[in-house]
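Written below as structure tokens is the structure these notes are about.
Chain naming here is simple, since letters A, B, ... match the order of the sequence lines and numbering starts at 1 in each.
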Amino acid sequence: MVNGNRKGEILKQKSFNTVDRQQNNKTVLSKTIEENIKIIKSIFENDQTLIVRKVQNPEEPYPEFCVIYVDGMVNNIIVNEDVIKPLIKYKPDRMEKTTIDLIANQVTFSNSVDKTSDIDTIIQGIVYGDTILLIDGYAEALILNTKGWVTRSISEPDGEKVLKGPREGFNESILMNLSLVRRKIRTPDLKMEFKTFGTRTNTKACICYLDSLVDKKVLNELKKRLDSFTIDGTLDSNYLCEFIKDSPCSPIKTIGSTERPDVVAGKLLEGRIALFLDGSPVVLTLPFLFIEYFQSDEDYYLNYFFTSIGRILRIVAFFITTSLPAIYVSLVTFHQEMLPTPLLVSISAARKGVPFPTSLEMILMLVAFEMLRESGARMPGMMGQTLSIVGALVIGQAAVEAKIFSAPIIIIVAFTGITGLMIPRSKSIDIILRFVLIFLSSLLGLYGYMFGILAFLIHVLQIESFGVAIMNSAYADTLQDSKDIFIRAPWWMMKKRPKYLSQNEVRENVRSKK
Amino acid sequence: MKSFKRFFIILLTFNMIFLTGCWNYREVEKISMVAGVAIDKGQNGNNYHLTFEFLDLSGDQPKSKLLEADGETLFEAVRNSISRTENKLFFSHSKVIIVSQEIAEEGISKILDFWLRDAEMRLTTNLVISKAESAADIIKQKPVTNQLVCTGIAETITNKREHLETNPDVKLYQAYNMISNEGISLILPSVKVSKSGEESIVELDGTSVFKKDKLSGFLSPEETKYFLYIRDEIQGGLLIINDRSKEKNTSIEVLSSKTKVKPEISNDNLTMDIKVTTKIVWAENQSDDSDMGEVRIKQIENETKMNIENNITKLIKKVQKEYNSDIFGFGSTISKYNPHYWENVKEDWNNIFPNLNFKVTSDVQLVNTACTKTKAEVKDIG
């Protein structure tokens with residue numbers, strides 16, 4: 001009950017800035033510029049990146065101007081040329097009094113000028129790279145767009161490389177990311193709604209969808225979930241993902257993610273919703289179907305025969321990487337009659353003198369492989385050579401020669417590992433399912449394995465992603481529904497969007513017959 | 001209440017996992033794979049004397065090893081073997097069961113019961129009858145190319161079936177089917193020990209014929225060939241026929257063959273109508289006759305036809321007279337075509353079979369003369 005109350009309180013507070021100011025009792029701007037500077041300076045106390053610059057027009061020293069911004073967040077050239085320079089250079093009309101509207105409309109060169117007296121908005125503007133222009137005699141301030149911080153260039157994401165197809169990738173700036181998608185879908189139908197997350201970080205997020213395609217139920221559900229929590233700070237879109245995900249305790253994804261604008265555009269065109277978060281190059285797409293684990297963006301850019309084979313291979317690889325160790329353990333320790341005789345003879349000969357039981361051997365070896373993989377992912381690049389030598393020689397060759405591990409185990413683990421790397425997206429299911437299945441198989445043989453697989457199927461089949469069953473593609477009842485599942489049909493054959501994702505399932509793909 | 005329900009579900013789940021059968025964890029190196037068993041009559045008051053051949057993995061190369069055990073019953077003998085080896089014998093990969101002539105003469109159904117009942121035994125294991133002094137003699141021979149004698153025997157049986165067609169291929173379940181069905185008698189392949197140069201080796205040697213479940217005689221490899229024609233189990237094989245000068249010097253390779261056996265019943269007169277349709281290839285021409293033209297081909301076809309018809313007739317007459325055992329399955333063919341008629345005759349089948357009328361016709365078609373149309377002729381004028 002205590003927790004519930006606290007949660008409610010936090011939800012009530014709009015932001016921590018508001019709280020601080022309520023304590024200081026300085027919520028409104030005054031008419032004198034000195035007072036206003038003092039208010040802002042007291043809010044940014046001890047923050048030396050706040051620049052306060054007073055400006056006076058030489059021909060008319062009154063009213064005084066004051067330019068306030070945070071160093072490093074603004075483009076200095078814009079502040080100098082388009083804000084300060086016009087203020088000093090303009091020739092005031094003697095007949096007309098200099099008003100705040102005159103400054104806003106006729107003097108400054110900024111492309112976006114907002115007039116406000118709300119201190120909250122002013123502070124948001126300052127921390128987001130805008131410049132505040134205070135004018136003596138007005139209890140209002142102008143917010144001028146001078147955002148200009150350094151961003152990473154648009155480069156191909158390392159995790160999602162393609163042989164053929166667009167090579168752009170998102171970077172950490174939300175506006176640039178949105179522009180990348182906007183450039184692919186040039187229609188006013190593309191909606192972008194902003195929201196702010198993080199009571200301390202005030203991070204911008206954007207819900208992006210195609211209005212005529214999106215399923216309104218999914219959209220409302222998403223908005224409801226986004227309003228249902230508060231968080232201290234959001235540094236990556238995964239922070240949001242974990243709050244709004246269905247089946248939060250399951251290793252199975254119910255929200256997709258990508259770093260590629262072309263993938264986001266493709267998902268939007270299928271009626272999905274994209275969720276951008278400022279500061280993260282990873283964009284969430286939802287609803288997520290189980291088959292998306294096996295769909296690669298490249299599937300749509302290369303020849304459909306080739307990519308269909310690739311997709312089938314990925315599905316087989318998923319089966320192998322989760323099941324092969326468990327099947328090996330059950331065959332070798334329970335069902336020796338199921339192995340062909342020559343294979344049994346060679347396994348039996350290889351296991352001669354090995355100290356561990358097969359299941360323990362398998363688990364140790366898989367843990368060793370996971371450790372190699374993890375250290376490969378974490379270590380600095382130039383140490384890669386050491387890892388491959390130690391990994392290949394010590395764990396592979398030496399362990400077998402020293403009769404600590406048997407050779408078939410190494411082969412199985414290597415195969416499991418390689419097939420696991422084929423579908424990097426599903427690694428959380430892979431690793432959990434693999435070890436659970438090995439455990440069950442070492443207790444009960446294939447019976448235990450089947451038990452585990454059935455439990456997994458039951459679990460997957462009942463999971464929904466924002467109201468859409470993630471396995472709905474598994475029981476495609478028409479040929480049209482199955483055209484982007486196990487194979488990727490040619491574009492002129494795909495006349496429909498995936499089931500239940502969109503309010504308008506018919507694509508406009510038509511191939512004219514001459 | 002809710003927590004009780006959850007506890008109950010967990011309890012049920014764990015019961016499902018832990019209270020089920022098949023608790024049979026064993027490491028693969030802790031079992032000895034048995035390749036085959038030889039069953040003999042026991043000495044010293046024991047009923048059975050078993051010789052197991054199993055795979056010995058202790059050296060660098062897997063090799064064959066033998067283990068002998070006695071027992072009142074087969075199961076006891078198998079269990080007795082455990083006290084003589086550190087590993088448990090594992091029967092799922094055994095290829096062949098060799099039964100001595102002595103036991104086969106007493107009745108083979110006693111043997112079948114154990115191997116069919118035991119869960120570890122595979123029903124596709126080959127069953128053979130030893131023509132040697134004892135079944136153990138067979139298993140004690142040196143393998144030719146295989147590491148194991150028993151694997152060798154099993155592989156020879158399958159190979160020979162495809163290329164030579166002089167022995168039947170009978171698995172455990174097939175043997176059981178033959179014994180348990182009325183209107184067909186059991187046959188099994190037989191093996192003997194023979195000489196190949198200095199060494200003695202195991203050789204397949206035709207068929208053993210059973211009356212009920214007791215061994216009553218043998219068919220030679222040549223007779224077995226025609227027996228397989230009647231049973232419609234021919235997949236290939238050779239026929240050696242005469243040329244125009246009545247010398248046996250032409251090889252015919254059988255491409256495919258189809259046999260239809262049909263009972264013809266008229267006025268209580270039963271005739272088995274056996275129709276063989278064969279496609280052949282002229283595989284070897286040893287005669288001086290270099291003519292390989294159309295007339296000659298007709299003659300070859302005719303000769304093959306006569307060969308098949310005569311030999312089948314001879315074989316059926318021999319089985320009728322000597323063994324009185326319906327190994328061709330005429331009885332079961334009748335029961336399929338005319339069950340009512342079979343109901344009437346089956347009590348008296350033992351007396352009907354030796355005098356059963358039959359009619360053999362065959363249709364032979366020479367498909368090609370292999371890679372050449374002509375004979376390798378000598379034209380060199382020396």
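In this structure, the side chains of B:R26 and A:Q336 come closer than 4.5 Å at one or more pairs of heavy atoms. You'll find the side chain of A:V345 reaches within 4.5 Å of the side chain of B:L55, heavy atoms only.
Other residues, nucleotides and ligands place no more than 12 heavy atoms under 6.0 Å from the CZ atom of A:F415. Crowding of A:F290 atom CZ: a count of heavy atoms from other residues, nucleotides or ligands under 6.0 Å exceeding 12. More than 12 heavy atoms of other residues, nucleotides or ligands shown are found within 6.0 angstrom of NZ on B:K171. More than 12 heavy atoms of other shown residues, nucleotides or ligands fall within 6.0 angstrom of atom NZ in A:K403. For A:F243, the CZ atom sits in a packed shell: over 12 heavy atoms of surrounding residues, nucleotides or ligands are nearer than 6.0 Å. By the neighbour-count criterion of 12 heavy atoms within 6.0 Å, atom CZ of A:F369 is densely surrounded, having more than that number from other residues, nucleotides or ligands.
With 3.5 Å as the limit, one finds a donor-acceptor pair spanning the side chains of A:T358 and B:E27.
For the atom pair OG1 of A:T341 and NZ of B:K95, the computed distance is 3.0 Å after rounding to the nearest 0.5 Å. Between A:E337 atom CD and B:I31 atom CD1 the span is 9.0 Å, to the nearest 0.5 Å.
Taking all atoms of both residues into account, the shortest heavy-atom contact from A:S348 to B:E29 is OG-CA, 4.0 Å.
Between chain B and the options A:L339, A:V354, A:L344, A:V332, the largest number of non-hydrogen pairs under 4.5 Å is found for A:L344. Between chain B and the options A:S442, A:S359, A:A349, A:P357, the largest number of non-hydrogen pairs under 4.5 Å is found for A:P357.
When heavy atoms are compared at a cutoff of 4.5 Å, A:L331 does not approach chain B at all. With a threshold of 4.5 angstrom between heavy atoms, B:F90 approaches chain A through side-chain atoms but not through N, CA, C or O. Neither the backbone nor the side chain of A:S346 comes within contact range of chain B; no heavy atom of the residue lies under 4.5 Å from a heavy atom of that chain.
Proximity of a side-chain donor or acceptor of A:K352 to a complementary backbone N or O of B:L57 within less than 3.5 Å is detected.
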